[in-house]
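Notes follow the structure.
We count ligands from 1, going down the list as the structure has it; atoms in each ligand are counted the same way. These figures come from a predicted structure and were not determined experimentally.
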Amino acid sequence: MKVPLLDLKAQYKRTEKEIDRAIKRVCESGRFILGDEVAKFEEETASYCKVNYGIGVSSGTDALLISLMALGIKPDDEIITSAYSFFATAGVISRLFAKPVFVDIEEDTFNINPSLIEEKINERTKAILPVHLFGQVAEMEPIMEISKRYNLPVVEDAAQAIGAQYKDGKVAGTIGDMGCLSFFPTKNLGGFGDGGMVLTKAEGLAEGIKILRVHGAKPKYYHKTIGGNFRLDSLQAAILRVKLKYLDDWTEKRQKNCQNYERLFSESGLGGLDKSSPYIDKFIHLPKAIYKEKGVKKYHIYNQFIVRVKERDSLRDFLKKNGIDTAIYYPLPLPLQECFKELGYKEGDFPESERASKETLTLPIYPEITLKMQEWVVDKIKEFFS
Ligand SMILES: *Cc1c(COP(=O)(O)O)cnc(C)c1O
């Protein structure tokens, strides 16, 4: 049986008529950049995330970059962030000639360990950039407490966590000063190309970002600051407006699929979170959905479903041979990337991130996956270990 990691064609089938109509509407309007579609999509997404402002931009990466620009980050400023994330999280810091200062993650959530942040703060520290990895909000309460005490703004990388809720019900990307979403096709709300958004409660920041988005111009052709071309296309906005209506349904399906895996793993004796499982050492450790017990609905939106495996690479090859696609997010922690060599980090500095990069494997969990497919995945994993 073939089990892809994601099936965007199946998703398109369900939304085809509406999306085709939306595309036609934009084509006929003759307005292809920003405009009414983008303004409406911004309003709808901000409302979905229960925040005052959403500013559509060209990608999740650019959402992060423009947020740091709006904070006035300068060369040699330091930004504290997670050692274990997609490259963009740290790349944007370096692009402003500022310095990423990495913090290791927590073992059970893969998110930044708040208890290791304070020791990294000094007079050059200008912001904290936590990531809500795989679809679960980072432990924000202690992060916000540190932010207040040291007067440091917080930019949340919510690229993988649109709509996910913290334990108090607050939504990813609306807890700090700014939150960044990505509409890259593989994200839970994915466009037909690149796109992103900055969320904020603050009118001043929203206004600043809108100006930076169009080369720092206000009014047009008069530049008080230097921005860039960070605009969102009307076509993407029109497509994403259709998809936004389905997002909660897709999220529920992902959560359901996670429960299916948990049940199937448990039935097959592979253990899940069961510490008494004979496989617990070599195989599996499900990511803990830590806000689930608090009655929060979107406690985890499962952009990715992660297992830990000691013989990760051979299991991955075995699954591939059986038609099952998996992925490794991420094979090398950020501080050990070649481009950050000058920062002077070495192996052993980030033990949890390094272990995660050697052990984590992503299994398919997209909304349209069938129970039969999930059973096949679990059967094959079981076969590998038998
Ligand atoms: C996808 C992603 C980004 C970047 O988003 P793009 O839209 O691809 O530029 C940033 N951070 C994280 C954690 C991501 O997963």
Side-chain angles (χ1 to χ4, degrees), residues 5-6 8 38 41 45 54-69 79-96 100 102-103 105-106 109-112 127-138 140 143 154-164 172-173 176 178-199 209 213 228-233 235-237 239-240 243 254 287 300-306 327-335 337 339 353 356-357 360 362 365-366:
L5 195 57
L6 186 66
L8 291 175
V38 170
F41 175 56
T45 307
I55 303 99
V57 295
S58 28
S59 68
T61 304
D62 286 344
L64 289 163
L65 182 64
I66 204 170
S67 296
L68 296 181
M69 289 170 77
I79 315 285
I80 293 175
T81 193
S82 173
Y84 189 64
S85 180
F86 177 59
F87 179 75
T89 310
V92 294
I93 299 171
S94 296
R95 280 176 61 191
L96 295 174
F102 295 106
V103 170
I105 53 168
E106 294 186 303
T109 65
F110 304 102
N111 281 327
I112 192 167
I128 309 174
L129 205 174
V131 183
H132 307 311
L133 204 66
F134 303 139
Q136 177 168 243
V137 179
M140 289 303 288
I143 294 173
V154 171
V155 176
E156 301 168 63
D157 182 340
Q160 299 183 9
I162 183 169
M178 281 171 279
C180 302
L181 303 176
S182 163
F183 307 120
F184 185 77
T186 64
K187 303 291 155 84
N188 285 29
L189 180 64
F192 288 8
D194 280 308
M197 190 173 287
V198 181
L199 305 174
I209 289 164
R213 176 171 72 173
N229 173 357
F230 297 119
R231 298 175 302 233
L232 181 63
D233 291 344
L235 269 173
Q236 296 307 335
I239 290 161
L240 290 162
K243 287 194 169 194
R254 285 173 184 267
H300 198 317
I301 64 156
Y302 295 104
N303 179 243
Q304 305 296 346
F305 180 85
I306 306 291
I328 295 168
Y329 302 121
Y330 297 89
L332 190 64
L334 294 172
Q337 294 289 347
C339 64
S353 302
S357 70
T360 53
T362 302
I365 196 174
Y366 59 94

Practice prompt. Go through the structure and list residues passing side-chain hydrogen bond (donor to acceptor under 3.5 Å, both in side chains) with S59, not counting sequence neighbours.
Written response: none
Ligand 1 polar-atom proximity to protein (N/O, under 3.5 Å):
residue  : atom   : partner : partner atom : Å
ligand 1 : 5 (O)  : S182    : OG           : 3.3
ligand 1 : 7 (O)  : G60     : N            : 2.8
ligand 1 : 7 (O)  : S182    : OG           : 2.6
ligand 1 : 9 (O)  : G60     : N            : 3.4
ligand 1 : 9 (O)  : T61     : N            : 2.8
ligand 1 : 9 (O)  : T61     : OG1          : 2.5
ligand 1 : 11 (N) : D157    : OD1          : 3.3
ligand 1 : 11 (N) : D157    : OD2          : 2.7
ligand 1 : 15 (O) : Q160    : NE2          : 2.8
ligand 1 : 15 (O) : K187    : NZ           : 3.0

Discussion item. Please evaluate residues T360 and Y84 with respect to the criterion side chain to side chain donor-acceptor pair (under 3.5 Å), reporting the C-alpha separation (whole Å), side-chain torsions for both, the decisive distance (0.1 Å), and the verdict.
Written reply: CA-CA 12 Å; T360 53; Y84 189 64; 3.0 Å; yes
Worksheet, complete the sentence: Sorted by chain and residue number, the ring-ring contact (aromatic ring centres under 6.0 Å, His included) partners of F183 (sequence neighbours excluded) come out as F41
Fill in: Parallel, tilted or perpendicular, as decided by the 30° and 60° cut-offs, for the rings of Y302 and F305
tilted
Worksheet entry | Listed partners of A172 passing side chain to side chain contact (heavy atoms under 4.5 Å, CB included), at least two apart | H132, V137, A158, A161, A164
Discussion item. I need the T362 OG1 to Q304 CD distance, nearest 0.5 Å.
Written reply: 5.0 Å
